[in-house]
Amino acid sequence: MSTTPPGAHLPEHPDALWRNPEPKRSYDVVIVGGGGHGLATAHYLVKNHGITDVAVLEKGWLAGGNMARNTTLIRSNYLLDESAFVYEHALTLWEGLEEDLGYPILFSQRGVLNLAHTEQDVRDSVRRVEANRLNGIDAEYLGPDDVAKICPIVNVSHDIRYPVLGATYQPRAGIAKHDYVAWGFARRADSAGVDLIQDCEVLDFLTEGSVADGTARVTGIRTSRGDIACGQVALCAAGHTSTLLDRLGVDTPLQSHPLQALVSELLEPVHPTIVMSNAVHVYVSQAHKGELVMGAGVDSYNGYGQRGAFHIIERQMAAAVELFPVFARAHLLRSWAGIVDVTPDASPIVGRTPYANVLVNSGWGTGGFKVTPGLGWCLAHTIATGELHPHIAPFSLDRFVTGALVDEHGAAGVAH
């Protein structure tokens with residue numbers, strides 16, 4: 001009879017991948033929001049600029065918001081130059097991120113198909129492919145037969161409600177394990193001395209000067225764990241960013257909406273890529289463990305709910321079965337919602353505010369996960385140098401005054 005204690009053959013793990021420190025009374029940089037964007041910004045502040053006197057404030061637990069409530073799609077095949085540059089920068093970083101972090105993120109480049117169901121879809125798709133190629137992004141347009149070769153379970157019959165006429169295809173697109181991504185960033189930032197402070201809600205801001213004459217600054221942040229003085233502030237709170245800016249009296253054209261998704265029971269590998277359809281209104285991939293991950297567009301109403309709803313589940317499942325008849329007997333396992341912040345032109349707001357030392361990062365809508373490393377890199381550059389990184393410069397708040405909009409509604413896809 002073996003005397004080896006249970007679990008002795010398993011690798012040892014620390015109790016936590018990062019410290020849980022008490023906040024100091026001041027920091028050079030305070031990042032509000034402990035999701036993917038906040039953690040990535042902290043990581044690149046350390047790695048690229050040697051700035052370590054940094055606090056990341058999270059009102060709940062690290063990566064417990066949208067970072068834990070997304071569907072992990074990663075792609076860069078956006079239409080406009082401004083969007084293509086920042087998302088392609090992110091995708092390039094994704095391709096080396098596991099080595100950079102020294103932590104597994106299960107990045108799987110399985111490609112993404114965006115289906116075309118009408119003649120107008122075909123024209124729009126070809127236009128996007130050509131625009132992508134001009135920007136050096138891998139993209140091609142496929143006919144129905146080639147779609148079926150890449151994803152044999154897609155229904156490409158001619159006698160269905162929305163026949164598949166073709167699709168754009170980006171081979172380098174893929175998925176990653178969202179929790180592992182957050183943990184990898186958190187682990188590296190913490191080991192360099194960044195304080196990751198959980199259960200620390202921002203209640204208000206301490207300010208001086210006047211917005212009217214350009215002298216306004218935030219001198220400190222009032223939190224549920226005491227006041228924290230700060231040199232610079234970066235707001236990375238996703239759907240709650242507008243409520244923080246309200247406390248500073250800064251108006252933004254942000255609206256927060258629930259975005260629902262769901263997963264099936266665990267299945268054998270059957271779905272080799274990612275498939276998106278605007279007309280049928282669903283996107284589907286298969287996660288590493290085997291569950292089908294499905295989503296669609298944002299809920300039309302404004303809200304901060306993080307729950308699924310039966311009518312959304314019903315529509316997503318119906319759309320999925322129309323595209324993939326093989327899913328007809330798959331069982332739903334769970335559903336959830338994230339809180340996404342959207343803008344009138346479907347592009348983010350990143351850059352300066354009327355407060356000289358406050359930067360805002362918001363409005364990514366349903367595209368926040370895929371840009372995580374790229375945004376962190378660019379925002380860290382901006383904090384460290386005082387100059388907007390060229391990839392985020394087009395997304396400044398003042399474009400809604402100047403009219404220099406970046407209208408990405410067409411390439412935003414179903415939702416992701």
Can a salt bridge be assigned to the pair [X] and [Y] using a cut-off of 4.0 Å between side-chain N and carboxylate O?
X: E265; Y: R329; value: no
X: R225; Y: E201; value: no
X: D195; Y: R19; value: yes
X: E130; Y: R127; value: no
X: D398; Y: R352; value: no
X: D345; Y: R399; value: yes
X: R247; Y: D204; value: no

Side-chain donor-acceptor pair under 3.5 Å between Q109 and E95, yes or no? yes
Stepwise side chain to side chain donor-acceptor pair (under 3.5 Å) test for Q232 and D28: CA-CA 6 Å; Q232 296 191 71; D28 289 344; over 6 Å; no
Can you tell me if [X] uses its side chain to pair, donor with acceptor, with the backbone of [Y] under 3.5 Å?
X: D100; Y: G96; value: no
X: Q198; Y: L62; value: yes
X: Y283; Y: S277; value: no
X: T273; Y: R110; value: yes
X: N135; Y: I137; value: no

What orientation do [X] and [Y] show, parallel under 30°, tilted 30 to 60°, or perpendicular over 60°?
X: W94; Y: F369; answer: tilted
X: Y78; Y: Y87; answer: parallel
X: W364; Y: H37; answer: perpendicular

Mind listing the closest non-hydrogen atom pair of L196 and A186 along with its distance? CD1-O, 3.5 Å
If every non-hydrogen atom of V342 is compared with every non-hydrogen atom of G365, which pair is closest and at what distance? CG1-CA, 3.9 Å
Is the ring centre of H381 less than 6.0 Å from the ring centre of Y44? no
